[in-house]
Amino acid sequence: MMNNTRILFMGTPDLAKNILKALLENGYNVVACITQEDKPVGRKHVITPTPVKKLALEHNIPVYQPHRIRNDFEFVKDLNVDLIVTCAYGQILPHDLLTLPTIGAINVHGSLLPKYRGASPIQECLKQGDTITGVTIMEMVDEMDAGDIFYQQKIVIDPSDNYTSLLDKFSLCGSEALLKALPGIIDKSLKKISQNKDEVTFCGKIKKEDEHLSLDLLKKDFVNYVRALSLTPGGYLYFGEEIFKILECEVISDELVDKVGTIVKADKQGLYLQLKDGIIALKQVQRQGKKIMTYKDFLNGEKNFLHIQLS
RNA sequence: CGCAGGGUAGAGCAGUUGGCAGCUCAUCGGGCCCAUAACCCGAAGGUCGGAGGUUCAAGUCCUUCCCCUGCAA
């Protein structure tokens with residue numbers, strides 16, 4: 001019965017690819033995929049298909065890449081779809097598309113809704129210093145991430161987690177949650193519950209300027225902000241004209257020994273930065289043009305870094 | 001051919017006007033110490049990204065190819 005359900009999968013990055021993979025490995029009938037257009041990527045501007053497209057083509061699943069799904073979804077009618085499953089597709093689905101499938105349209109969202117509706121839920125929970133987050137399998141409605149909830153599964157955030165490691169957890173957990181919820185969604189036995197409007201919070205898209213770390217942040221927030229941006233795209237401070245990325249750091253003390261933004265220690269024991277409410281240790285850094293390295297490796301090649309000002 | 005930095009010991013870097021390839025960390029051995037990631041002594045470890053060229057002599061100069069990274073898209 002589940003094999004007869006005609007599923008249209010919509011998604012773009014690696015996370016979505018892993019969700020699609022889980023569907024395929026468990027025998028679901030994915031009749032087509034919609035993903036973003038191939039884009040020139042990297043320094044050489046090589047036109048690269050999205051991870052979802054690559055996987056779909058390996059399984060001989062037809063791939064559609066409309067420029068604007070809002071204006072171009074007529075082709076979906078001919079697919080006779082029962083269910084749309086989306087995960088990080090990257091475009092808002094028009095109302096008339098949501099009503100096409102016989103069963104409905106569902107989304108895999110990276111937070112415990114109604115918390116963190118929006119574009120960057122995985123980064124946001126790290127920024128906030130949360131210790132628990134999760135995935136939500138939900139019905140799609142016109143308003144973004146506002147649909148009723150079918151199923152939720154919690155994820156424990158470890159203090160050592162950053163965006164990259166948390167993304168791995170979401171790949172696993174998101175797949176698990178979807179597979180648990182799908183049978184009940186398809187046979188309509190799974191009850192959905194509406195979101196508590198009083199608990200709704202939002203998170204926006206991470207913009208370029210957000211990657212410049214702020215020295216106005218309290219040390220705890222600074223560390224969490226760095227976690228949210230690591231390893232990609234990576235938060236940075238300026239070292240003169242150069243970008244100096246900080247990929248991992250930790251709170252050391254409440255001491256105030258020098259101006260905010262000053263390197264107050266640079267030796268084997270650590271690379272310490274003064275913030276306005278204390279000192280943090282920079283553990284992994286990346287100088288412009290260089291690879292990511294530990295503070296020890298960095299200091300081996302960079303003498304005289306003590307008392308340097310970052311901004 | 002989008003802009004820019006780079007490739008030298010396991011890691012991070014220095015290497016001047018071409019003239020015996022170095023520093024710090026790590027590793028191994030020894031010493032000191034109640035002890036140590038500390039300190040002292042010693043050792044091993046390199047076709048200087050590849051190919052070609054100039055030269056008595058190339059890490060260094062010329063040509064060409066490959067790769068890594070930051071920015072931009």
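Every chain is numbered from 1, with letters handed out A, B, ... down the list of sequences. These figures come from a predicted structure and were not determined experimentally. Side-chain atoms are counted along with the backbone in the values below, which use heavy atoms only and exclude waters and symmetry mates.
In summary, the side chains of A:Thr86 and A:Asn107 do present a donor paired with an acceptor at a separation below 3.5 Å, with no hydrogens or angles considered. A donor-acceptor pair shorter than 3.5 Å can be found between the side chains of A:Ser171 and A:Asn18. Of the N and O atoms on the side chains of A:Arg227 and A:Asn224, at least one donor lies less than 3.5 Å from an acceptor on the other residue. Checked by atom type, the side-chain pair A:Thr50/A:Gln36 shows no donor-acceptor distance below 3.5 Å.
Between the CD atom of A:Gln288 and the P atom of B:C71 there is a distance of 8 Å, rounded to whole Å. If you measure from atom OH of A:Tyr236 to atom P of B:C71, you get 8 Å, rounded to the nearest angstrom. At whole-Å resolution of the value, CD in A:Glu209 and P in B:A72 are 11 Å apart. Rounded to an integer number of Å, the gap from CE of A:Met293 to P of B:G7 is 12 Å. Protein atom CD of A:Gln286 is 11 Å distant from nucleotide atom P of B:C13, rounded to whole Å. At whole-Å resolution of the value, NE2 in A:His212 and C1' in B:C71 are 15 Å apart. The CD atom of A:Gln284 sits 16 Å away from the C1' atom of B:U69 (whole-angstrom rounding). In this structure, A:Tyr295 places its OH atom 13 Å from C1' of B:A26, rounding to the nearest Å.
For B:C34 and B:G22, the C1' atoms lie 39 Å apart once the distance is rounded to whole Å. Only the P atoms considered, B:A37 is 9 Å distant from B:U27, to the nearest whole Å. Going from the C1' atom of B:G59 to that of B:U47 covers 12 Å, rounded to whole Å. Nucleotides B:G12 and B:G49 place their P atoms 14 Å apart, quoted to the nearest Å. For B:G45 and B:C23, the C1' atoms lie 15 Å apart once the distance is rounded to whole Å. Taking atom P in both B:U17 and B:C3, the straight-line distance is 28 Å, to the nearest Å. Between the P atoms of B:A58 and B:A21, the separation comes to 11 Å (whole Å). Taking atom C1' in both B:G10 and B:A44, the straight-line distance is 12 Å, to the nearest Å.
The side chain of A:Lys296 places no N or O atom within less than 4.0 Å of a non-bridging phosphate oxygen (OP1 or OP2) of B:A26.
Base pairing analysis places B:U47 opposite nothing; no Watson-Crick or G-U wobble pair with both distances below 3.5 Å involves it. For B:G59, there is no paired nucleotide, since no Watson-Crick or G-U wobble pair has both relevant distances below 3.5 Å. Remark: B:C3 base-pairs with B:G70; criterion is Watson-Crick or G-U wobble with both hydrogen-bond distances under 3.5 Å. With a 3.5 Å ceiling on both atom-pair distances, B:C33 lacks any Watson-Crick or G-U wobble partner. The partner of B:U24 is B:A11, judged by Watson-Crick or G-U wobble contacts that both fall below 3.5 Å.
Heavy atoms of A:Lys290 sit under 4.0 angstrom from primed sugar atoms or phosphate atoms, though from no base atom.
Side chain of A:Thr201 to main chain of A:Lys115: no donor-acceptor pair is present (N/O by atom type, distance under 3.5 Å, no hydrogens or angles).
Nearest nucleotide to the side chain of A:Lys268, out of B:C13, B:A38, B:C68: B:A38.
Geometric assessment of A:Lys245 against the ring of A:Tyr236 yields a negative cation-pi assignment under the 6.0 Å and 45° thresholds.
A residue-by-residue look at A:Arg287 and A:Asp297 shows that A:Asp297 has its nearest nucleotide of RNA chain B further toward the 5' end. Two residues, A:Phe298 and A:Gly234, neighbour RNA chain B, and the one matched to the more 5' nucleotide by heavy-atom proximity is A:Phe298.
Of the residues in residues 299-306 of chain A, those lying under 4.0 Å from RNA chain B by heavy-atom distance are A:Asn300, A:Gly301, A:Lys303. Non-hydrogen atoms lying under 4.0 Å from RNA chain B are contributed by A:Pro40, A:Val41, A:Gly42, A:Arg43, A:Lys44, A:His45, all within residues 37-50 of chain A.
Between A:Tyr295 and A:Tyr272, a ring centre-to-centre spacing not shorter than 6.0 Å is recorded.
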Next item on the list: Report the C-alpha distance between A:Gln153 and A:Glu176 in whole Å, list the side-chain angles of each, state the deciding distance to 0.1 Å, and finish with yes or no for side chain to side chain contact (heavy atoms under 4.5 Å, CB included).
Entry: CA-CA 9 Å; A:Gln153 188 163 321; A:Glu176 273 178 34; 2.8 Å; yes
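With a 6.0 Å radius and a threshold of 12 heavy atoms from other residues, nucleotides or ligands, A:Lys303 has its NZ atom above the threshold. Dense packing is recorded around CD of A:Glu209, with more than 12 heavy atoms of other residues, nucleotides or ligands lying under 6.0 Å away.
When every heavy atom of A:Gln152 is checked against every heavy atom of A:Thr136, the shortest pair comes out as NE2-OG1, 2.9 Å.
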